[in-house]
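First comes the structure, then the notes that go with it.
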Amino acid sequence: MEVAVWDTYVTRKDGKVMHFDIIVPADLTDEKIILAYGREYLKTKDQEGQPLTSEESKYCHTEKIKSTWEADIREKGYFISEMENCD
């Protein structure tokens, strides 16, 4: 399975910038759905309401799915790869 990686930078409530990737099946191209996945993730980090638009998240590339992502993608439709300031 091929997945699409959406490179995402969101300013947290404390002013730091979170960097994470939203990883979805490559055939999912509806930006509204992908951004909704990102907003869902932000809720889990107490960052609900922080701006997440096409300015903060952009399609980056496709790649083969990694086994560590597969269960989440099959269950939820997406996987979040935390990069920076996601604690």
Side-chain angles (χ1 to χ4, degrees):
M1 171 194 269
E2 289 284 313
V3 293
V5 178
W6 288 68
D7 200 24
T8 307
Y9 294 87
V10 173
T11 303
R12 295 173 7 159
K13 293 175 182 177
D14 65 5
K16 292 181 182 176
V17 176
M18 298 174 73
H19 175 203
F20 58 93
D21 290 340
I22 305 169
I23 301 167
V24 298
D27 61 352
L28 176 59
T29 59
D30 188 331
E31 190 174 276
K32 288 180 184 179
I33 293 172
I34 295 163
L35 294 177
Y37 291 153
R39 289 187 195 99
E40 190 174 303
Y41 167 72
L42 289 175
K43 289 179 188 177
T44 70
K45 297 297 183 176
D46 195 30
Q47 299 301 314
E48 185 173 8
Q50 293 305 100
L52 179 54
T53 67
S54 59
E55 292 297 311
E56 290 80 24
S57 186
K58 298 198 181 314
Y59 168 79
C60 186
H61 65 276
T62 58
E63 63 182 76
K64 290 200 181 280
I65 192 169
K66 294 181 181 175
S67 60
T68 54
W69 305 342
E70 193 166 4
D72 278 358
I73 290 173
R74 293 196 188 280
E75 180 182 327
K76 300 185 303 187
Y78 68 97
F79 178 84
I80 298 293
S81 179
E82 296 179 336
M83 309 300 260
E84 299 173 81
N85 295 318
C86 295
D87 47 2

Spacing of [atom1] belonging to [X] relative to [atom2] belonging to [Y], to within rounding of 0.5 Å:
{"X": "D21", "Y": "M83", "atom1": "CG", "atom2": "CE", "answer": "4.5 Å"}
{"X": "S81", "Y": "I23", "atom1": "OG", "atom2": "CD1", "answer": "5.0 Å"}
{"X": "I73", "Y": "K66", "atom1": "CD1", "atom2": "NZ", "answer": "11.0 Å"}
{"X": "W6", "Y": "I34", "atom1": "CH2", "atom2": "CD1", "answer": "4.0 Å"}
{"X": "R39", "Y": "K32", "atom1": "CZ", "atom2": "NZ", "answer": "10.5 Å"}
{"X": "W69", "Y": "E63", "atom1": "CH2", "atom2": "CD", "answer": "3.5 Å"}

request  = With side chain to side chain contact (heavy atoms under 4.5 Å, CB included) as the test, would you mind laying out the steps for T8 and L52 before giving the verdict?
outcome  = CA-CA 8 Å; T8 307; L52 179 54; 3.6 Å; yes
Are the charged groups of [X] and [Y] less than 4.0 angstrom apart, N to O?
{"X": "D14", "Y": "R12", "result": "yes"}
{"X": "E82", "Y": "K45", "result": "yes"}
{"X": "E70", "Y": "R74", "result": "yes"}
{"X": "K16", "Y": "D87", "result": "no"}

Between D7 and H61, a side-chain donor and acceptor under 3.5 Å =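 Not at all, the side chains of D7 and H61 share no donor-acceptor pair under 3.5 Å.
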query = Going by atom types alone, do E56 and T53 pair a side-chain donor with an acceptor below 3.5 Å?
reply = yes
message = Go through it in stages, so that I can follow the logic: the residues are E40 and Y78, the test is side chain to side chain donor-acceptor pair (under 3.5 Å), and I'd like the CA-CA distance, side-chain angles, deciding distance and then a yes or no.
response = CA-CA 11 Å; E40 190 174 303; Y78 68 97; 2.9 Å; yes
request  = Step by step, work out the side chain to side chain contact (heavy atoms under 4.5 Å, CB included) result for Y37 and L28.
outcome  = CA-CA 12 Å; Y37 291 153; L28 176 59; 3.9 Å; yes
Over 12 foreign heavy atoms within 6.0 Å of NZ, K76 = yes
query = For E2, does the CD atom have more than 12 heavy-atom neighbours from other residues, nucleotides or ligands under 6.0 Å away?
reply = yes
Specify the closest pair of heavy atoms between [X] and [Y], including all atoms of both residues, with the distance to one decimal.
{"X": "I22", "Y": "S57", "value": "CD1-OG, 3.9 Å"}
{"X": "Y41", "Y": "C86", "value": "OH-CB, 3.4 Å"}
{"X": "G77", "Y": "P25", "value": "O-CD, 3.4 Å"}
{"X": "M18", "Y": "L42", "value": "SD-CD2, 3.8 Å"}

query = Are F20 and V10 side-chain neighbours, meaning at least one heavy-atom pair lies under 4.5 Å?
reply = yes
ask   = Quick one: does Q50's side chain get under 4.5 Å of K13's, heavy atoms only?
value =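 Of all side-chain heavy-atom pairs linking K13 with Q50, at least one is under 4.5 Å.
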request  = Go through Y59 and V5 one step at a time and tell me if the side chain to side chain contact (heavy atoms under 4.5 Å, CB included) criterion holds.
outcome  = CA-CA 6 Å; Y59 168 79; V5 178; over 6 Å; no
key: Members sharing V17's hydrophobic cluster (side chains within less than 4.5 Å)   = Y9
